[in-house]
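A quick write-up on the structure given underneath.
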Amino acid sequence: MVNELYPYIVQFEEEAKSPGLETHRKRKRSGNSDSIERDAAQEAESGAGLESGSSPSQCSLPPKKEKDASAKKESLGHWSQGLKISMQDPQMQVYKDEQVVVIKDKYPKARHHWLVLPWASISNLKALTRDHLELLKHMHSVGERVIADFAGSSELCFRLGYHAVPSMSHIHLHVISQDFDSPCLKNKKHWNSFNTEYFLESQAVIKMVKEAGRVTVRDGMSELLKLPLRCHECQQLLPSIPQLKDHLSKHWTK
DNA sequence: GTTCTAGAAC
DNA sequence: GTTCTAGAAC
């Protein structure tokens, strides 16, 4: 069943097991993507290491150290900026209009998992004002439109909402089916980010912006990600991710 | 966000 | 001995 639903992911995992390709992956990872500044910083770092090694009595820090820190700042190639890249890629776009674009989550945590993103650059929930009210409503209705168009005939339930403290930049509305049947759902953080108050209902966010003029996320959200694993359907506690996943399958109709 | 893996938990 | 988690690295 899983193979039928996620053929591309299964294929990828099988490829990863091949020793030759594994080597290729590692080589590619160590050599690619990061900025020229980063490489320069690494060279500077190793250079500094050699210097201090050859003359251990010298303790003064070279001015290079500050340069390293600034070079490490988020560049466009940083993983947290990935959504900005993906949303521009026509091949990723499931839907788009003048205000928003919808893409499939690259690592879906359920059978259906989309992200609705505004074209406007809104970094996170804290940046929202009443000026965004209509946009937020539109994002929600587009999410419902996508569900109807791509999963309308299924009997799956969906939730629409935002992570309280997202890892990826650029505000994005999660549209996710409630089966949580996916090989990409692998750990407690994944589960709790969609099944505790860490997941802020789209409607609640809209209401908050409407009534308070902004979204306030109270402190300690990260602690929610460490809560024990509890089934969202029957509230049963499960001791591990594999056991949770096995349990979840009992709630599926197929 | 993911991957990788040491060592905790079983 | 194997499974699984959690934290570092990317």
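So you know, we letter chains A, B, ... as the sequences are listed, proteins then strands, and number each from 1. Reckoned from all heavy atoms, side chains included, excluding hydrogens, waters and symmetry mates. All figures in this text were calculated on a predicted structure; none of them were measured in a lab.
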* Asked: Does atom NZ of Lys84(A) have more than 12 heavy-atom neighbours, drawn from other residues, nucleotides or ligands, at distances under 6.0 Å?
  ->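 Count over threshold, so yes.
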* Asked: Relative to the ring of His113(A), is the ring of His174(A) parallel (under 30°), tilted (30 to 60°) or perpendicular (over 60°)?
  ->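 Answer is tilted, since the angle falls between 30° and 60°.
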* Asked: Hey, what's the ring geometry for Phe180(A) with Phe194(A), parallel, tilted or perpendicular (30° and 60° as the breaks)?
  ->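 It falls in the tilted class, 30° to 60°.
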* Asked: Side chain of Ser240(A): nearest nucleotide among dG1(B), dC4(C), dA6(C)?
  ->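 That would be dC4(C).
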* Does His190(A) have a side-chain nitrogen or oxygen under 4.0 Å from the phosphate oxygens OP1 or OP2 of dT2(B)? ->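 Checking His190(A) against dT2(B): at least one side-chain N or O falls below 4.0 Å of OP1 or OP2.
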* May I ask you to say what Ile241(A) touches in the nucleic acid, namely base, sugar-phosphate or nothing, with a heavy-atom cut-off under 4.0 Å? =>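 The residue Ile241(A) makes sugar-phosphate contact but no base contact.
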* Applying the side-chain hydrogen bond (donor to acceptor under 3.5 Å, both in side chains) test to His247(A), which of Lys245(A), Gln243(A), His251(A) qualifies? ->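 When side-chain hydrogen bond (donor to acceptor under 3.5 Å, both in side chains) is applied between His247(A) and each of Lys245(A), Gln243(A), His251(A), only His251(A) qualifies.
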* To do: Check DNA chain B against residues 165-178 of chain A and give the residues with a non-hydrogen atom under 4.0 Å, in numerical order.
  =>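 Hits under 4.0 Å, by residue number: Pro166(A), Ser167(A), Met168(A).
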* May I ask you to list the residues of residues 217-235 of chain A, by number, that have any heavy atom positioned under 4.0 Å from an atom of DNA chain B? =>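 Of all residues in residues 217-235 of chain A, none places a heavy atom under 4.0 Å from DNA chain B.
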* **Whole-Å distance separating the CG atom of Leu244(A) from the C1' atom of dT3(C)** =>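 Spelled out: CG on Leu244(A) to C1' on dT3(C) is 16 Å.
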* Asked: Going by heavy atoms in the side chains, are Tyr95(A) and Val100(A) under 4.5 Å from each other?
  ->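 Yes, at least one pair of side-chain atoms sits under 4.5 Å.
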* To do: Report yes if some heavy atom in the side chain of Asn124(A) is under 4.5 Å from a heavy atom in the side chain of Tyr162(A); otherwise report no.
  =>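 Side-chain contact under 4.5 Å: no.
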* Nucleic acid contacts - residues 118-127 of chain A versus DNA chain C, non-hydrogen atoms under 4.0 Å ->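 Output list: empty, so none.
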* Asked: With ILVMFWY side chains joined below 4.5 Å, transitively, what does Ile103(A)'s cluster contain besides itself?
  ->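 Result for Ile103(A) is Trp79(A), Leu83(A), Met87(A), Met92(A), Val101(A), Leu115(A), Leu117(A), Trp119(A), Met168(A).
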Residues 210-235 of chain A, side-chain donor-acceptor partners within the protein, below 3.5 Å, at least two apart:
| from | atom 1 | to | atom 2 | distance (Å) |
| --- | --- | --- | --- | --- |
| Arg218(A) | NH2 | Glu197(A) | OE1 | 3.4 |
| Arg230(A) | NH1 | Gln235(A) | O | 2.7 |
| His232(A) | NE2 | Gln178(A) | O | 2.8 |

* To do: Can you run down the salt bridge (charged side-chain N to carboxylate O under 4.0 Å, His left out) pairs that involve residues 113-123 of chain A, sequence neighbours left out, and say none if there aren't any?
  =>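 Pairs touching residues 113-123 of chain A that pass the test: none.
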